[in-house]
Amino acid sequence: MNTPHFPETSADINDVLFEQIAVKLEEQGYVVLPSALPADISEQLLQVLAHQDETDFHEANIGRGANQTLNPFVRRDRILWIEAQMTSAKVWLDWTEQLRCYLNRRLFMGLFSFESHFACYQPGDFYKKHLDAFKGQSNRVLSLVTYLNRGWEPDQGGELVIYSEHNSEEPLTKVLPAFGTLVIFLSEEFPHEVLAASRERFSVAGWFRINTTHMDNLDPPS
Ligand code: OGA
Ligand code: MN
């Protein structure tokens, strides 16, 4: 028998994924989804990387504004901000924009803008336990991380370890940086760290921000 075939549009696929994300965020404030980022987006992100020069990556600052410092005891990765004009960045930026709008409709999060960077960890590099935002001090509200590493084996390390706000000793979960895994969490509520790996580790970390502009203090600045 010939069963009719209704091809799913990518909008349908995203809606299922976005709803899964919304439910978990509502329930527990974070979500870990293996093989979740649509593969074409991961591929395009790898394309963006392929167009960059290694020397474009630089040491990341810690802190905000005038308080930014370099601290190799806290983090060792090198980063590169993703810009709209980068070749092949569009599908990633379109997808994160769709997610932003979905979460605003579904959870009334008031997400205003998005920023993201590639991070490259050399073998042995780490990022010590930190929060992406401090209550009342930052416009970052929702963190998103995905990974571009094919064939990552458990014994290669490099886990993202997520802790609960209330017990920052006991890990809630450990996430291998496997290709397409998606991690999303409330920026102010989950301390997390990146463990050293035995191979090069590529992630993309992004933040949805609210607009905390008041008076003449533009925040976000652009
Ligand atoms: C970060 C971060 C996590 C990761 O860049 O703030 O926590 O797994 N990254 O790369
Ligand atoms: Mn972080």
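All ligand and atom numbering here is 1-based and tracks the order in the structure.
A ring-centre distance under 6.0 Å is found for His192 and Phe185. Ring centroids of Trp95 and Phe18 are separated by less than 6.0 Å, placing the two rings close together.
Residue contact check for ligand 1: Trp207 places a non-hydrogen atom closer than 4.0 Å to it.
If you count the protein N, O or S atoms nearer to the Mn ion (ligand 2) than 2.8 Å, you get 3.
Here is the list of ligand 1 atoms found below 4.0 Å of a heavy atom in Val145: 4 (C), 8 (O). Ligand 1 places these atoms under 4.0 Å from at least one heavy atom of Ala205: 5 (O). The contact set between ligand 1 and Tyr147, taken as ligand atoms under 4.0 Å from a residue heavy atom, comprises 4 (C), 8 (O).
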With a 3.5 Å cut-off and sequence neighbours excluded, list the donor-acceptor pairs that the side chains of residues 36-45 form with protein atoms.
from  : atom 1 : to     : atom 2 : distance (Å)
Glu43 : OE1    : Arg150 : NH2    : 3.0
Glu43 : OE2    : Arg150 : NH2    : 3.4

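With a 4.0 Å cut-off on non-hydrogen atoms, Val183 does not touch ligand 1 at all.
The shortest distance between side-chain heavy atoms of Phe118 and Cys120 does not fall below 4.5 Å.
Thr173 contributes no side-chain N or O that, together with a main-chain N or O of Ile162, makes up a donor-acceptor pair within less than 3.5 Å.
A side-chain N or O of Arg209 and one of Ser113 form a donor-acceptor pair less than 3.5 Å apart.
Counting only non-hydrogen atoms, the option in Arg201, Glu193, Arg75, His192 that gets closest to atom 7 (O) of ligand 1 is His192.
An N or O contact shorter than 3.5 Å links His130 to ligand 1 by distance.
Using a cut-off of 4.0 Å between Lys/Arg side-chain N and Asp/Glu carboxylate O, Arg75 and Glu59 are scored as not salt-bridged. Classification of Lys135 and Glu165 as a salt-bridged pair holds, one side-chain N sitting under 4.0 Å from a carboxylate O.
Of all protein heavy atoms, the one closest to atom 1 (C) of ligand 1 is Tyr127 CE1, 3.7 Å. Of the protein's heavy atoms, Val194 CG2, 3.6 Å lies nearest to atom 3 (C) of ligand 1.
The aromatic rings of Phe114 and Phe208 sit tilted, their planes meeting at an angle between 30° and 60°.
The CG atom of Leu103 sits 6.5 Å away from the CG atom of Leu25 when rounded to the nearest 0.5 Å.
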